[in-house]
Structures are given as structure tokens and as C-alpha cells.
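Worksheet for the structure shown next.
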Number of protein chains: 2
Amino acid sequence: MGEPQELAIVERFMRERGMRWTTQRTLIAKVALDSHAHFSADELLSMCQQEDADVSRATVYRTLSMLEAAGFVEGLDTGEGKRRFEHVLGHCHHDHMVCTNCGKIIEFRDDALEKRQEIAAKAEGFQIESHSLKLFGRCKNCRENTLSEVDKSL
Amino acid sequence: MGEPQELAIVERFMRERGMRWTTQRTLIAKVALDSHAHFSADELLSMCQQEDADVSRATVYRTLSMLEAAGFVEGLDTGEGKRRFEHVLGHCHHDHMVCTNCGKIIEFRDDALEKRQEIAAKAEGFQIESHSLKLFGRCKNCRENTLSEVDKSL
DNA sequence: ATCAATGCAAACCGTTTGCATCGGC
DNA sequence: GCCGATGCAAACGGTTTGCATTGAT
């Protein structure tokens with residue numbers, strides 16, 4: 001995982017636009033791009049504060065929306081009432097399965113799916129800019145655990 | 001559109017569970033099931049108050065979550081920061097295209113899409129309970145208007 | 001008469017914002 | 001030194017909740 005180069009890309013992006021490359025932005029971007037998880041703004045804040053106390057919630061939100069607008073990070077709504085973000089720079093597009101039991105998020109990709117979406121859009125004269133596909137249900141683990149619980153009760 | 005029977009179904013559902021069929025629930029369910037639109041809780045409240053002033057915001061929210069839990073209504077997140085709901089009882093499943101310019105919501109259905117989702121889930125040992133697919137972009141109308149604006153500026 | 005449902009207003013919670021201060025450039 | 005970025009705390013907006021009252025059964 002090549003965070004150093006990625007961080008440099010973010011820095012360059014900001015500087016080119018006349019934005020200041022502050023210690024907070026460096027830290028937030030580093031932690032966000034380092035993470036392989038789907039983190040909430042709050043979790044990102046905690047992760048940053050673990051490394052260095054000098055970050056505020058407001059700055060995390062502000063930096064996060066810049067990173068999102070720039071396309072380095074992507075927000076997704078998992079139905080918990082708050083957004084989660086994922087590292088997107090240098091990763092290819094994928095969709096998500098969200099386990100409604102344990103909250104696990106599984107990434108998957110299916111080109112046929114993407115193509116069908118394009119076809120459906122074309123039929124309506126609609127031009128897709130982005131899309132969001134989430135499958136909600138039970139992950140493999142939770143299904144197995146549920147089954148064994150049922151077994152026990154028999 | 002057969003609201004009377006649908007309303008009776010909701011009433012029966014509630015009564016069977018020992019819930020009281022109040023004037024507020026009758027009104028809210030009627031208005032919600034009458035609507036062909038994707039309404040927010042607030043809009044539903046206004047629609048109800050137009051017909052009868054005796055409904056509170058709290059009751060709209062409480063009734064809405066019952067209707068959703070019962071499967072008469074379905075909530076979807078269009079990315080506006082608030083949920084929208086749609087009449088689902090007696091309608092077959094569909095997905096949505098959301099115009100990021102005018103907010104228009106287009107319903108569409110593609111069986112091949114659904115099948116690919118099942119295949120992708122099976123590959124992960126995931127059992128789908130529900131899913132959410134939204135295409136964000138520009139609707140036909142907005143595309144045409146945008147084009148003519150460009151034309152004008154030339 | 002009972003107890004669930006309602007209305008009100010306050011609480012909630014994630015997120016945004018105004019403003020004085022700080023710090024990159 | 002300038003002006004953009006930060007921190008703080010207050011504001012925001014959708015939604016939920018505690019509690020006294022109302023009303024369906």
C-alpha cells in the first residue's frame with residue numbers, strides 16, 4: 001500500500017489550488033488514506049487524536065469534505081444515520097454488501113452489473129454521474145452463527 | 001389506484017396486533033398510500049395538516065416507522081440529508097435514478113440487474129434481505145436544458 | 001376504566017458555521 | 001504581515017423521546 005506517494009498527490013492537489021498544507025491536513029489525509037476500513041468522521045477524529053492531539057472535529061469534517069470533493073475519499077450511507085468514508089484514490093470502483101447483523105461491509109465488483117445500469121439509464125435518457133448499490137442482509141459468518149443457534153435450540 | 005382496500009389492509013394489520021386504529025393513523029396512512037410521490041416526513045405532515053389540523057410531527061414519524069416496518073412504505077436516502085418515503089404496498093420492486101440537478105426521481109426495474117446481485121451475493125456467502133440501487137446524474141430534461149444553455153452562450 | 005396513542009417541547013446526534021486566534025506562505 | 005485554516009462552542013435540521021393528557025377499546 002503506497003501511502004507516501006498518495007499523500008504527495010493530495011498535497012500537490014491542494015497546493016495547486018492555493019490551499020495550505022497544514023499539519024492537520026497532513027495528519028487527517030494520512031490517516032484516512034492509510035485506513036482500509038470504512039470509517040466515520042468520528043472514528044477518523046479518534047484515529048487522528050491517537051497520533052496527535054491537535055485536531056478538532058470541525059477540521060476533520062472540513063478536510064473530509066475536501067478529500068471527498070477532490071475524489072480521494074468517498075462517502076457512503078450504510079443506514080446507521082451517519083456516513084462512512086473509504087479510501088478511493090488508486091482503488092477501483094466497487095459496490096457494498098452491508099451485514100445488518102454485525103455491520104460488516106463487504107466490497108464487491110461486477111462489470112455486468114455496471115453495464116446493465118448504463119443500459120437502464122440510456123433507456124430513460126438519463127446520464128449517470130455516479131451510483132450507489134448496497135445489498136443489505138446477512139454475511140456468511142452471521143448466517144453460520146445464526147444456524148448454530150437454531151441448532152442449539154432444537 | 002385502489003386506496004380504500006389498501007387502507008383496510010393497513011387497518012387490519014394494526015388491529016391484528018392489538019394496535020389502535022386512531023383518526024391520526026387513518027389519515028396518515030391514507031395520505032401516504034394515496035401519494036405517488038417520494039415524500040419526506042415533513043411533506044407528509046403538511047399534506048396531512050392540509051386535510052385535518054390534528055396531526056403532530058411526532059405522530060407522523062411514529063406512524064411512518066410502523067408503516068415502514070410493516071412493509072407498506074419504504075424509505076430511501078436520496079442524499080439530501082433526510083429520508084424520502086414511497087408507497088410500496090401492491091407495487092412491485094424497483095430502483096431509482098435521482099437527478100442531481102432538479103431532484104427528479106425516476107423509477108426503473110431491470111430483472112437482469114437483480115439476478116446479477118443474487119449471483120454476486122452467493123459468491124460471498126451473503127444472503128440478501130433487501131437492496132438499494134440509486135443512479136445519480138442528469139435526467140433527460142436537465143440534459144436538454146443544459147445543452148440549450150450552452151447553445152445560447154455560443 | 002384501562003392503557004395505548006398523541007402532542008408538546010426538550011433531547012439527540014451527526015454535521016455545519018461564526019468568529020476570534022493561529023500559523024503557512 | 002496577510003489571509004486562509006483552525007478550534008471552540010453554538011447553531012442546525014432531521015429525527016426521537018419523556019411525560020402528562022387524550023381517546024380507542
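Naming convention: chains lettered A, B, ... in sequence-line order (proteins, then strands); numbering from 1 in each chain.
- Contact annotation: Ser40(A) side-chain N/O to dG14(C) OP1/OP2 distance is not under 4.0 Å.
- Contact annotation: Arg62(B) side-chain N/O to dA5(C) OP1/OP2 distance is not under 4.0 Å.
- Ionic pairing of Glu118(A) and Lys122(A) is not present here: no N-O contact between side-chain nitrogen and carboxylate oxygen is shorter than 4.0 angstrom.
- The shortest heavy-atom contact between Phe72(B) and Ile9(B) is CE2-CG2, 4.0 Å.
- Residue-level contact check: Asp54(A) touches the backbone only, with heavy atoms under 4.0 Å from sugar-phosphate atoms and none from bases.
- Arg57(A) comes within 4.0 angstrom of a nucleotide base, judged by non-hydrogen atoms across all strands.
- In this model, the phosphate group of dT15(D) is approached by a side-chain N or O of Tyr61(B) to a distance below 4.0 Å at OP1 or OP2.
- Between Asp52(A) atom CG and dG7(D) atom C1' there is a gap of 14 Å when expressed in whole angstrom units.
- Atom CD in Glu80(B) sits roughly 16 Å away from atom C1' in dT15(C) (whole-Å rounding).
- Place Met19(A) and Ala41(B) on DNA chain D by their nearest nucleotides, and Met19(A) ends up nearer the 5' end.
- Between Gln49(A) atom CD and dC8(D) atom P the separation is 9 Å, expressed in whole Å.
- Applying the 4.0 Å criterion to OP1 and OP2 of dG24(C), one finds that Gln24(A) has every side-chain N and O outside that range.
- In this pair, Phe39(A) and Phe85(A) present their aromatic rings parallel. The plane angle is below 30°, not in the 30 to 60° band.
- Taking atom CG on Leu45(B) and atom P on dT15(D), their separation rounds to 12 Å, with Å as the unit.
- Applying salt bridge (charged side-chain N to carboxylate O under 4.0 Å, His left out) to Glu43(B) and the options Arg57(B), Arg84(B), Lys82(B) leaves one that passes, Arg84(B).
- The CD-C1' distance, from Glu16(B) to dT25(D), rounds to 17 Å in whole Å.
- Contact annotation: Thr22(A) side-chain N/O to dG4(D) OP1/OP2 distance is not under 4.0 Å.
- For Thr59(A), a side-chain nitrogen or oxygen approaches OP1 or OP2 of dG7(D) to under 4.0 Å.
- Contact annotation for Gly18(B): no contact, since no heavy-atom pair falls under 4.0 Å across all strands.
- Side-chain N/O atoms of Arg15(A) include none lying less than 4.0 angstrom from OP1 or OP2 on dG24(C).
- No N or O donor and acceptor, one from the side chain of Arg20(A) and one from the base of dA5(D), sit under 3.5 Å apart.
- As a whole-Å value, the separation of Arg25(A) CZ from dT6(D) C1' is 9 Å.
- Taking atom CZ on Arg83(A) and atom C1' on dG14(D), their separation rounds to 16 Å, with Å as the unit.
- Using a 4.0 Å cut-off between charged side-chain N and carboxylate O, Lys140(A) and Glu144(A) make no salt bridge.
- Contacts of Arg17(A) with the nucleic acid, taken as non-hydrogen atoms under 4.0 Å apart, are absent.
- To the nearest angstrom, P of dT16(C) lies 14 Å from CE of Met66(A).
- A donor-acceptor contact closer than 3.5 angstrom is absent between the side chains of His91(A) and Glu74(A).
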